[in-house]
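Before any comments, here is the structure.
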There are 2 protein chains.
Amino acid sequence: MAFEAVRKSTAPEIVVEQILKKLQSGEITTGARLPSQRELALSFGVGRSSMREALNALAVMGYLDVQQGRGTFIAQELPGTSPSISKLQAALKAGSLLDVIELRETLECKAAELAAERAESLHLRRLKQALRDMEDSRENYRRFLQADVEFHTTLAEATTNQIFSEILRFLLEKVVGHHETFKTTLISLEYRSRSIHTLKQVLACVKREDGRGAAEWMREHLNAIRRELKDIL
Amino acid sequence: MAFEAVRKSTAPEIVVEQILKKLQSGEITTGARLPSQRELALSFGVGRSSMREALNALAVMGYLDVQQGRGTFIAQELPGTSPSISKLQAALKAGSLLDVIELRETLECKAAELAAERAESLHLRRLKQALRDMEDSRENYRRFLQADVEFHTTLAEATTNQIFSEILRFLLEKVVGHHETFKTTLISLEYRSRSIHTLKQVLACVKREDGRGAAEWMREHLNAIRRELKDIL
DNA sequence: ACTCATCAGGTGTTCAGACCACTTTGACCA
DNA sequence: TGGTCAAAGTGGTCTGAACACCTGATGAGT
């Protein structure tokens, strides 16, 4: 037998709900100006402070835009009530590391390929530097990981496809999170050396604009990670 | 000569910032109880209403949990302080449609391949149904688009890789958004017919577990979209 | 005619104080 | 032991008064 939590209805909450309803039903146009806080408080039958709390809450949520001396306006862009974002985050939290690897294999191989075709000298320099950092920090796990991520991030940026690079950055962030949660200091020194070697091959391919080669070496790199992961789990 | 927007520092904002800093530096433990609003206001040197505004903002953001009669508590689960999400959204909004297509080609071809290996009968049924819906709504643009999205979404789900499917769902949502923004009713009837044909091939390949074939037909499908897009732009 | 400083009125912002509603606690009593 | 009740502390709400800021009108000066 389950009970529902008692829904307490405080004044600002009620006001927020009412305004939200009008907002979502399209009764108020974006960019429109609301009456002054004093008037609103009067017409809602609440005190100014309660009215202010409601308006502030809506502002924090991104629905309103309050400007001192000018008034309160409906936000130009209503926050896309997109539940997909939270679903994405939930999936990332719940999803298995192997799933992530599968995605990374798909995306990063293509990224390597595109990078080979489009990378500019700036990217090449950063890739080179990241590899040097990895070599210099073989024994320091955190720094190694950081340089590793830098390499992958730069490669993604070199695709000159902003969406591509942001999604990859997003994924990598989660990978790092996983590492930190599980304190995966376990990663073997041998694996690190092999990583550096493989990524050097990737960089070499990118330099000579060999897309297929870059993709293949990247696949090799990710397979190595997958193997390492399986050993640990 | 560019100027930065003036950063107005209102009292509650400053308080929010300070509390946020303490929160993120881990100076306060989750679940801990804060001093009373009156005390806090005193120690921050602001009025109680300003203090309340700050606390409410933090509560809306999910950092705090205020309970009447009991006190204000740090939320048990601090909201993931990931700015990358908003960056991702920004990139999606600003990024070109061609970039999205490039990503889709990468992801959906792989999805088709994986689906061919893993799809269950439930997925096959839904894919079939989606194709039927597309055929039945050749003349109704919105319904056609909806069925189209359903096909791609189902294919993504058939990978049995939750993260994969969520990211694709996320991308597709944006594509639909683009369509609705630009009122792209322009898409030719011929294109629709060709889409249906190509996707039928994809489904056939998935049925006989031909991963390579499914990927190739999907690539064909996306190339058609790319061509259609170029014509429009 | 144009430019600029000034001012009045409206707006959001902040404050202080009072009171209300709720929760916890502990003293009290049957 | 169990219930009742009052007190104290908490957040919730209201009010009136300043304060800070923006806008538009006014009018003096060029």
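We name chains A, B, ... by the order of the sequence lines, and we start the count at 1 in each one. Keep in mind that what you see is a predicted model, and the values were worked out from it rather than measured.
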Residue set satisfying side chain to side chain donor-acceptor pair (under 3.5 Å) with B:T154, at least two apart, ordered chain then number -> B:R126, B:E150
Around atom CZ of B:R142, are there more than 12 heavy atoms of other residues, nucleotides or ligands at under 6.0 Å?
no
Residues at least two apart in sequence or cross-chain that pass side chain to side chain donor-acceptor pair (under 3.5 Å) with B:R118, listed by chain then number, are A:E102
- Think B:Q37 has a side-chain N or O under 4.0 angstrom from the OP1 or OP2 of D:dG12? yes
Are the side chain of B:R33 and the backbone N or O of B:R70 linked by a donor-acceptor pair below 3.5 Å?
yes
Rounded to whole Å, CG of B:L64 lies from C1' of D:dG11 at a distance of 13 Å
Rounded to whole Å, the CD-C1' distance (A:Q67 to D:dA20) equals 15 Å
The correct set of residues in residues 47-57 of chain B placing a heavy atom under 4.0 Å from DNA chain D is B:R48, B:R52
Side chain to side chain donor-acceptor pair (under 3.5 Å) filter on A:E113, not counting sequence neighbours, yields none
Under 4.0 angstrom between A:T72 side-chain N/O and C:dG12 OP1 or OP2
yes
Its contact letters, B for base, S for sugar-phosphate only and - for none at protein heavy atoms under 4.0 Å, make nucleotides 20-26 of chain C read -BBSS--
### Query
Would you say B:L103 and A:L107 make side-chain contact, with heavy atoms under 4.5 Å?
yes
Taken to the nearest whole Å, CG/B:L42 to C1'/C:dG17 is 14 Å
A:L58 atom CG is separated from C:dG12 atom C1', nearest whole Å, by 16 Å
From CG of A:L40 across to P of D:dC14 the rounded distance in Å is 14 Å
Only one of B:K110, B:R226, B:H221 passes side-chain hydrogen bond (donor to acceptor under 3.5 Å, both in side chains) with B:E105, and that residue is B:R226
Taken to the nearest whole Å, CD1/A:I14 to C1'/D:dC14 is 16 Å
Applying side chain to side chain donor-acceptor pair (under 3.5 Å) to A:D133 and not counting sequence neighbours gives A:Q129
